[in-house]
Amino acid sequence: MSPRRVDLPPELAGAPFSITQARQAGVGPERLRSADLIRPHAGVRVTRSGAGASSAGADSLGAGSADATMHRCAEYVPVLGPHHFFSHLTAARLWGCPLRAEPDEPLHVSATQNARAPRRRGVVGHHADPASKIVMRAGFPTSDPVSTWLAIASVVSLDELVVAADHLVLDPYQLDPRDIRPHTSIEELGAAVKKFHGRGAARAASACDLVRQGAESRPETLLRLLLQRAGLPEPQPNREVRDDMGRWLGRADLVYANFRTVVEYDGDQHRSNKAQYEKDIIRWERFIAADWRVVKVRAGGLFATPEATVQRVRSALHAGGWTA
């Protein structure tokens, strides 16, 4: 008969812990080698049940989501140095920036000037910029929003950088009391760019000129950039639409008020939230009844056939009186 496995102390069960913490709690080396414990990082253990819940949550939320990143950061925290903090892409995801998910993306951890940058598998270490500010985000020490945005300027595309900035400056129509917004402002980003001379400075300056208030999703920003680059007038993100009597009809993703045209990114509401999708259909019908043109764009129209989408919007604008 195999010996009975000793239960872990309650303070270690269900959450990642360091070997040092385990030894201080009286856990012996044999217990730390047990098959029910996995090793997300050297010197860290977590029970398979705790890791399984974390992994399931991360998989369902997507590799690039803030919640998935929080799971990964939590697994690293037991060995996070006192002068270390999460930065770069990891910090951007903690701030909720809807950047494109990258497979096997490492954690990015920065060290203050007097500390050594971490060197671990699955972790990219950095030396912090002296101007970086460290704040708490979701319970983790993290670079502040402006420093985070500047840090990713050299590793993401121009469009991704605008997506991140649009998210950080958003003052949402519906406030979430658990996440006070906006995280920064266009003015703060602009002031920081003027002082920034590190890698990605030129890209950050170009992106700053393209940031707008109001975009509530990644596709909205990418769709706006697509239309602007095609030479169409610049739409206003998430603005109210009213009829000729001034009555409120609803809000639209991208609004060309002078040409009575709205462009809507038609996402997956019909699959994930049928009630919301039905509200969207009624809203679009109100726009059309008030003599507004509605151009609905699906994912394929944004990513697979962007030229056709531009032509559809151009035609709607011409019908609304645009003459260019």
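Just so it is clear, the model here is predicted, and its values are computed rather than measured.
- Taking each heavy atom of Ala42 and Val79 in turn, the nearest pair found is O-CG1, 4.0 Å.
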Next on the checklist: Does Asp176 form a side chain to side chain contact (heavy atoms under 4.5 Å, CB included) with Ile180? I'd like the steps, not just the answer.
Outcome noted: CA-CA 7 Å; Asp176 182 350; Ile180 303 302; over 6 Å; no
Return a table of donor-acceptor pairs under 3.5 angstrom between the side chains of residues 10-19 and protein atoms on other chains or two or more places apart.
residue	atom	partner	partner atom	Å
Ser18	OG	Gln21	N	3.0
Ser18	OG	Gln21	OE1	3.4

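- Residues Leu232 and Val313 meet the side-chain proximity criterion, which asks for heavy atoms closer than 4.5 Å.
- Connectivity analysis of hydrophobic side chains (ILVMFWY, heavy atoms under 4.5 Å, direct or indirect) links Leu170 to nothing; its cluster partners are none.
- Under a 3.5 Å cut-off, the side chain of Ser132 and the backbone N or O of Ala128 do not form any donor-acceptor pair.
- Annotation: the span from Leu94 atom CG to Met136 atom CE amounts to 10.5 Å, rounded to 0.5 Å.
- In this structure, Arg242 pairs ionically with Glu240, as a charged nitrogen and a carboxylate oxygen lie closer than 4.0 Å.
- Checking side-chain atoms of His88 against main-chain N and O of Val124 turns up no donor-acceptor pair under 3.5 Å.
- In summary, Lys296 and Asp280 do not engage in a salt bridge, as defined by a charged side-chain N under 4.0 Å from a carboxylate O.
- In terms of modelled atom types and a separation under 3.5 Å, the side chain of His84 and the main chain of Arg116 share a donor-acceptor contact.
- In this structure, the separation between OG on Ser143 and CD1 on Ile134 is 8.5 Å, given to the nearest 0.5 Å.
- When atom types are taken as modelled, the side chain of Glu264 and the backbone of Asp253 share a donor-acceptor pair closer than 3.5 angstrom.
- Under the 4.5 Å side-chain heavy-atom criterion for grouping Ile, Leu, Val, Met, Phe, Trp and Tyr, Val77 is not connected to Val46 through any hydrophobic cluster.
- Put simply, the side chain of Val262 reaches to within 4.5 Å of the side chain of Trp292, judged on heavy atoms.
- Of the possible polar contacts, none joining the Thr221 side chain to the Val163 backbone as a donor-acceptor pair under 3.5 Å is found.
- Counting heavy atoms from C-beta on, the side chains of Asp243 and Asp291 never come closer than 4.5 Å.
- Salt bridge present: Asp179 and Arg137 bring a charged side-chain N and a carboxylate O closer than 4.0 Å.
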Checklist entry - Which is it for Tyr256 and Val263 under the side chain to side chain contact (heavy atoms under 4.5 Å, CB included) test, yes or no, and what are the steps along the way? => result CA-CA 8 Å; Tyr256 292 98; Val263 181; 3.9 Å; yes
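- Atom CZ of Arg229 has more than 12 neighbouring heavy atoms from other residues, nucleotides or ligands inside a 6.0 Å radius.
- Going from atom CG of Leu168 over to atom CH2 of Trp95 covers 8.5 Å, rounded to the nearest 0.5 Å.
- Taking the side chain as every heavy atom from C-beta outward, Arg260 and Val241 never approach each other to under 4.5 Å.
- With rounding to the nearest 0.5 angstrom, the CG atom of Leu249 is 8.0 Å from the CZ atom of Arg247.
- Crowding of His127 atom NE2: a count of heavy atoms from other residues, nucleotides or ligands under 6.0 Å not exceeding 12.
- Between the side chain of Arg293 and the backbone N or O of Phe259 there is at least one donor-acceptor pair closer than 3.5 Å.
- Under the 30°/60° scheme for interplanar angles, the aromatic rings of Phe140 and Phe86 are found to stand perpendicular.
- A side-chain hydrogen bond (donor to acceptor under 3.5 Å, both in side chains) with Asp166 is found for exactly one of Arg224, Gln213, Arg212, namely Arg224.
- A donor-acceptor pair under 3.5 Å is formed between the side chain of Arg298 and the backbone N or O of Gly267.
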Checklist entry - Going through the checks in order, is the salt bridge (charged side-chain N to carboxylate O under 4.0 Å, His left out) test met by Asp159 and Arg100? => result CA-CA 11 Å; Asp159 283 6; Arg100 182 176 57 196; over 6 Å; no
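- For Ser157 (side chain) and Glu160 (main-chain N/O), a donor-acceptor pair under 3.5 Å exists by modelled atom type.
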Checklist entry - Given Val44 and Tyr76, is the side chain to side chain contact (heavy atoms under 4.5 Å, CB included) satisfied, shown in steps? => result CA-CA 8 Å; Val44 178; Tyr76 186 75; over 6 Å; no
Checklist entry - Taking it one step at a time, do Val156 and Leu89 satisfy side chain to side chain contact (heavy atoms under 4.5 Å, CB included)? => result CA-CA 9 Å; Val156 302; Leu89 284 171; 3.8 Å; yes
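- The CG atom of Leu189 sits 7.5 Å away from the CG atom of Leu150 when rounded to the nearest 0.5 Å.
- With contacts defined as side-chain heavy-atom distances shorter than 4.5 Å, the pair Trp149/Asp144 does not qualify.
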Next on the checklist: For Ser315 and Gln311: C-alpha separation, side-chain torsions, deciding distance, then whether side-chain hydrogen bond (donor to acceptor under 3.5 Å, both in side chains) applies.
Outcome noted: CA-CA 6 Å; Ser315 296; Gln311 185 54 48; 3.3 Å; yes
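- Residue Arg23 places its CZ atom among 12 or fewer non-hydrogen atoms of other residues, nucleotides or ligands, all under 6.0 Å distant.
- With respect to Glu220 and Arg218, no salt bridge is recorded, no charged nitrogen being found less than 4.0 Å from a carboxylate O.
- A salt bridge links Glu216 to Arg251: one of the charged nitrogens lies within less than 4.0 Å of a carboxylate oxygen.
- You'll find the side chain of Leu99 reaches within 4.5 Å of the side chain of Ile152, heavy atoms only.
- A donor atom on one side chain and an acceptor atom on the other are not found under 3.5 Å apart for Glu30 and Ser34.
- By the 30° and 60° cut-offs, the orientation of the rings of His108 relative to His126 is parallel.
- The backbone N or O of Ala257 lies less than 3.5 Å from no partner atom in the side chain of Arg239, so there is not a single donor-acceptor pair.
- No donor-acceptor pair closer than 3.5 Å links the side chain of Gln228 to the backbone N or O of Leu225.
- Atom NE2 in His183 sits 12.5 Å away from atom CD in Glu188 (nearest 0.5 Å).
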